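Quick notes on the structure that follows.
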Amino acid sequence: MGIEIPVSRYIDIDGPVHYVRWDGPDERTFVLVHGLGGSLLSWLAVAPRLARHGRVFALDLAGFGQTPRAGRRSRVSDNRALLSRFLSEVAHGSPVVLCGNSMGGGISMLQAALEPSSVEGLVLSNSVFPWVRGAYPAPIVMFGFGMYQLPRVGEWASRQRLTRLEAERAVRFGLRVIAADPSTIDPELVWLHVEMFQRQRDDSDAAPAFLEAARSLMALGRRAETARWIVDAVKCPVLVIHGRRDRLVPLHYAEHALDGHPTWEMGILPKVGHIPQMEAPERWLGVVEEWVTRLPAMARV
């Protein structure tokens with residue numbers, strides 16, 4: 001069975017927002033939120049089966065995928081506000097489970113913290129978490145994000161990210177950094193990312209959007225008290241799924257977050273990196289589906 005993309009849809013949220021939908025039972029709505037530099041493509045391997053448990057929506061945040069910035073900002077706070085309005089348009093009163101990968105996990109936690117009534121549960125798929133002293137991302141990751149923080153250098157580095165290599169080589173290099181074993185990812189899904197990368201190279205706004213989002217994410221990370229408040233303010237049921245071999249967000253960050261939240265649940269995936277829903281979709285789905293069947297009872301507690 002190949003990778004299939006549902007028909008593209010657009011909704012106006014101060015500009016066009018690109019999304020796709022998989023039909024499922026009306027009792028629940030899943031909204032899938034991608035990470036930094038990603039798009040809704042990162043959910044294609046898991047969304048069809050997830051739709052057995054509810055309607056599924058995946059969107060491109062402002063400045064990513066096929067959603068242009070169109071005068072909007074791409075900061076974490078701005079895309080959280082975009083997500084909030086998206087939820088009000090698509091959920092129509094049904095309980096919403098937010099599934100967020102990496103930066104998308106941080107945006108989803110922020111939504112649950114600020115508007116708790118809008119979220120029934122969270123699935124944090126190798127989400128960002130507050131930094132923990134003594135555990136650090138891989139040196140290549142630290143170097144890249146260090147460059148993004150520097151005036152002028154960051155602008156140059158974000159352009160180089162899109163233009164230095166031809167599209168296929170750039171995507172495969174990126175996957176070697178973020179995935180534990182890129183060969184586990186469906187080749188069709190890889191090629192879809194190559195096509196998307198090529199589209200982003202032709203968009204003069206893509207590099208500035210990426211840089212703005214990256215800098216806002218790093219700024220939030222430096223505000224330790226704010227980051228901890230966001231995590232502590234989440235009151236809905238939470239499932240944390242984390243690849244043990246994540247080079248971007250060390251497993252210790254996720255484990256530390258769970259130490260202060262005994263009701264949160266965790267599934268650790270061995271031999272998996274930063275994008276488990278792409279690297280190990282069957283294992284990811286197995287953990288999520290078991291949790292979802294118990295979600296109504298957890299939400300009543």
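Note that this is a predicted model, so its numbers are computed, not measured.
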How would you list all residue pairs meeting salt bridge (Lys or Arg N to Asp or Glu O under 4.0 Å) that involve residues 73-100, not counting sequence neighbours? Asp14-Arg85, Arg73-Glu212, Arg75-Asp78, Arg80-Glu115

What's the spacing between Trp284 CH2 and Leu269 CG if we round to 0.5 Å? 10.5 Å

Salt-bridge criterion met for Asp23 and Arg21 (N-O under 4.0 Å): yes

Which residues pass the ring pair (Phe, Tyr, Trp, His ring centres under 6.0 Å) test with Trp22, not counting sequence neighbours? none

Sorted by chain and number, sequence neighbours left out, side chain to side chain donor-acceptor pair (under 3.5 Å) with Gln149 holds for Arg222

Output the distance between atom CG (Leu40) and atom CG (Leu32), rounded to the nearest 0.5 Å. 9.0 Å

A quick test of your reading: do over 12 heavy atoms of other residues, nucleotides or ligands sit less than 6.0 Å from NE2 of His256? no

On the 0 to 90° scale, with breaks at 30° and 60°, tag the Phe57-Tyr19 ring pair as parallel, tilted or perpendicular. tilted

What I want to find out is whether Arg49 reaches Glu289 closely enough, with some N-O distance under 4.0 Å, to be called a salt bridge. yes

Suppose we screen for side chain to side chain donor-acceptor pair (under 3.5 Å). Which residues come up paired with Gln198, at least two apart in sequence or across chains? none

Residues passing the salt bridge (charged side-chain N to carboxylate O under 4.0 Å, His left out) test with Glu290, sequence neighbours excluded, are Arg294

Side-chain donor-acceptor pair present, Ser94, Arg55, cut-off under 3.5 Å: yes

Remaining members of the apolar cluster that contains Trp156, side-chain heavy atoms under 4.5 Å: Phe143, Met147, Leu150, Val153

Side chain to side chain contact (heavy atoms under 4.5 Å, CB included) assessment of Val234 paired with Val119: CA-CA 10 Å; Val234 173; Val119 183; over 6 Å; no

With sequence neighbours excluded, residues passing ring pair (Phe, Tyr, Trp, His ring centres under 6.0 Å) with Phe64: His34

Can you list every ring pair (Phe, Tyr, Trp, His ring centres under 6.0 Å) pair that touches residues 210-252, not counting sequence neighbours? Tyr148-Phe210

Salt bridge (Lys or Arg N to Asp or Glu O under 4.0 Å) partners of residues 167-182, not counting sequence neighbours, each pair once: Glu168-Arg172

Residues Ser118 and Gln111: side-chain donor-acceptor under 3.5 angstrom: yes

Quick one: list whatever passes side chain to side chain donor-acceptor pair (under 3.5 Å) with Ser102, sequence neighbours left out. His274

Can you hop from Met142 to Leu211 via hydrophobic side chains spaced under 4.5 Å? yes

Any side-chain donor paired with an acceptor under 3.5 Å for Ser125 and Gln277? yes

Starting at OG1 of Thr184, measure out to CD of Glu279 and round the result to the nearest 0.5 Å. 5.0 Å

Side chain to side chain contact (heavy atoms under 4.5 Å, CB included) between Ile11 and Ile13, intermediate numbers included: CA-CA 6 Å; Ile11 188 171; Ile13 302 177; 4.1 Å; yes

Between Arg72 and Val17, does the side chain to side chain contact (heavy atoms under 4.5 Å, CB included) criterion hold? Intermediate values first, please. CA-CA 11 Å; Arg72 296 167 293 193; Val17 173; 3.5 Å; yes

Among Val288, Leu295, Leu122, which residue satisfies the side-chain contact (heavy atoms from CB on, under 4.5 Å) criterion with Leu239? Val288

All pairs passing ring pair (Phe, Tyr, Trp, His ring centres under 6.0 Å) where residues 161-189 contributes a residue, at least two apart: none

Residue pairs, two or more places apart or on separate chains, that pass salt bridge (Lys or Arg N to Asp or Glu O under 4.0 Å) and touch residues 149-167: Glu155-Arg215

